[in-house]
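Small disclaimer: the values here were computed from a predicted structure and weren't measured.
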Amino acid sequence: MSEHDTQPAAERDQQAQETHKETGQDLTQQDARQEDGAQVSTGIDAAGVPESAIPELVIISGMSGAGRSTAAKCLEDLGWFVVDNLPPALIPTMVELGARSQGNVARIAVVVDVRGRRFFDNLRESLAELDSRGVTRRIVFLESSDDALVRRFESVRRPHPLQGDGRIVDGIAAERELLRELRGDADLVIDTSSLNVHELRAKMDAQFAGEEEPELRATVMSFGFKYGLPVDADLVVDMRFLPNPHWVPELRPYTGVHEEVAAYVFNQPGAKEFLDRYAELLQLVAAGYRREGKRYVTIAVGCTGGKHRSVAMSEKLAARLAAEGVETVVVHRDMGRE
């Protein structure tokens, strides 16, 4: 499971604050809740917002170390707007903001954990508010055995967030008791005791991907070997088996995006054959990536300087992938450096 699931509460709270700042919304002012039990100002103001605009909501919770972050990342890859460690009192406000986004935020996933009675009460009140407004929501609860959780915490050498001065098993027992009622209310419980990351992603895909196969996104990057390999490349191919347009005086000033250079490259023996066969190979690779839960792939296409051959091949390869339904972005890392 993700190491993030075992990080201390203070660190996660700090990340949550940074996440809220990035949204450009002062949610705490819109959704103030008094600790002494005073009147709550949360609620979805549905005036002027059509029911069809209210986003679908999934709440991800469960045991620390059981895979909450992995489940959240899976939904993010499926196109959900994911907010990690959002205070429960702010969930109705987040849904309202999504409803007013003019369809840009149609599905929201919120990761929460329950560490105190007041926090749990806030969650119950927020869920009741959402139900009264007709918001479609589901609770996904990540469960795991004590033995599996102990192994995971020991493997990352971090304490359980609730163990205090006790042992890891003490923290697990305390959290399990706090979450008992929420687990009973869950729409989907996933036991990750014997699951690896890929298997958990497959279960989330089965529940939330619908009939469509999860989308694969590809970045095709041209580069020059003399500037070094891209550190984020998943696949690397070498175009230096083709003649270099650099040595053709009338082509030297241009790049692979120019028609004259592209025509020269693809008129060379083996260029078109390479494009056809490599595109076929990528179909097999893409299918395997989808089965393994990989959603992003970077294909690096190199030549000597990253100006002519690699650029021309990257453009053609990206167009081929896009025609086959793969969402593709082209990046020319070193074009213009010489």
Side-chain angles (χ1 to χ4, degrees), residues 1-2 4-35 40-45 54-101 104-133 135-142 161-162 175 178-179 181-183 185-188 204 208:
M1 298 302 111
S2 172
H4 175 73
D5 284 323
T6 63
Q7 71 184 117
E11 292 183 16
R12 295 211 307 273
D13 290 343
Q14 178 64 31
Q15 290 179 356
Q17 293 172 9
E18 294 174 357
T19 301
H20 301 334
K21 290 178 182 178
E22 290 175 0
T23 64
Q25 302 287 341
D26 188 356
L27 297 180
T28 57
Q29 291 180 1
Q30 299 178 42
D31 200 322
R33 181 182 293 273
Q34 300 297 328
E35 293 186 1
V40 178
S41 60
T42 66
I44 301 174
D45 180 8
I54 298 177
E56 182 180 358
L57 174 67
V58 166
I59 298 172
I60 300 173
S61 191
M63 299 296 294
S64 299
R68 293 190 305 249
S69 294
T70 299
K73 291 175 182 176
C74 181
L75 290 184
E76 189 172 39
D77 289 343
L78 292 174
W80 291 67
F81 184 86
V82 178
V83 184
D84 195 5
N85 203 27
L86 183 72
L90 298 180
I91 294 177
T93 302
M94 179 58 68
V95 173
E96 181 181 352
L97 293 175
R100 298 184 182 281
S101 68
N104 293 323
V105 181
R107 299 182 297 176
I108 297 174
V110 176
V111 183
V112 299
D113 53 41
V114 182
R115 304 202 177 189
R117 186 65 199 178
R118 185 176 60 225
F119 193 86
F120 182 74
D121 288 342
N122 290 350
L123 177 58
R124 299 290 296 181
E125 293 172 11
S126 294
L127 293 179
E129 175 70 19
L130 295 170
D131 291 341
S132 69
R133 298 293 182 176
V135 177
T136 301
R137 54 91 172 171
R138 283 177 285 177
I139 299 175
V140 176
F141 191 95
L142 280 300
L162 293 186
E175 185 177 36
L178 284 172
L179 291 169
E181 187 174 350
L182 181 62
R183 187 188 187 282
D185 291 339
D187 300 282
L188 173 64
M204 292 295 293
F208 296 99

Looking only at atom types and distance, does a side-chain atom of Ser126 sit under 3.5 Å from a main-chain N or O of Pro92, one as donor and one as acceptor?
no
Could you tell me whether a side-chain N or O of Arg68 sits under 3.5 Å from a main-chain N or O of Ile60, the two making a donor and an acceptor?
no
[X] [atom1] to [Y] [atom2] distance, which is reported to the nearest 0.5 Å:
| X | Y | atom1 | atom2 | value |
| --- | --- | --- | --- | --- |
| Arg100 | Ile54 | CZ | CD1 | 10.0 Å |
| Met204 | Leu188 | CE | CG | 7.0 Å |
| Arg138 | Leu57 | CZ | CG | 9.5 Å |
| Ser69 | Asp84 | OG | CG | 5.5 Å |
| Leu130 | Ile59 | CG | CD1 | 6.5 Å |
| Leu182 | Leu127 | CG | CG | 8.0 Å |

Minimum heavy-atom distance between Phe141 and Ala186, given as atom pair plus value
CB-CB, 3.7 Å
Minimum heavy-atom separation for Leu179 to Ser61, with atom names?
CD2-OG, 4.1 Å
Those residues that, when tested against Asp131, pass side chain to side chain donor-acceptor pair (under 3.5 Å) (two or more places apart)
Arg137
Which residues satisfy the side chain to side chain contact (heavy atoms under 4.5 Å, CB included) test with Arg107, sequence neighbours excluded?
Glu56, Trp80
Set of residues satisfying side chain to side chain contact (heavy atoms under 4.5 Å, CB included) with respect to Ser101, sequence neighbours excluded:
Asn104, Val105
Begin from the C-alpha positions of Leu162 and Leu178 and carry the test side chain to side chain contact (heavy atoms under 4.5 Å, CB included) through to its verdict.
CA-CA 11 Å; Leu162 293 186; Leu178 284 172; 4.0 Å; yes
Within the structure provided, determine whether Met94 and Ile108 are in side-chain contact (heavy-atom separation under 4.5 Å).
yes
Under the side chain to side chain contact (heavy atoms under 4.5 Å, CB included) rule, what do Asn85 and Val111 come out as? Steps first, then yes or no, please.
CA-CA 5 Å; Asn85 203 27; Val111 183; 5.9 Å; no
After noting the C-alpha distance and the side-chain angles of Val83 and Ile91, does the key distance pass the side chain to side chain contact (heavy atoms under 4.5 Å, CB included) rule?
CA-CA 10 Å; Val83 184; Ile91 294 177; over 6 Å; no
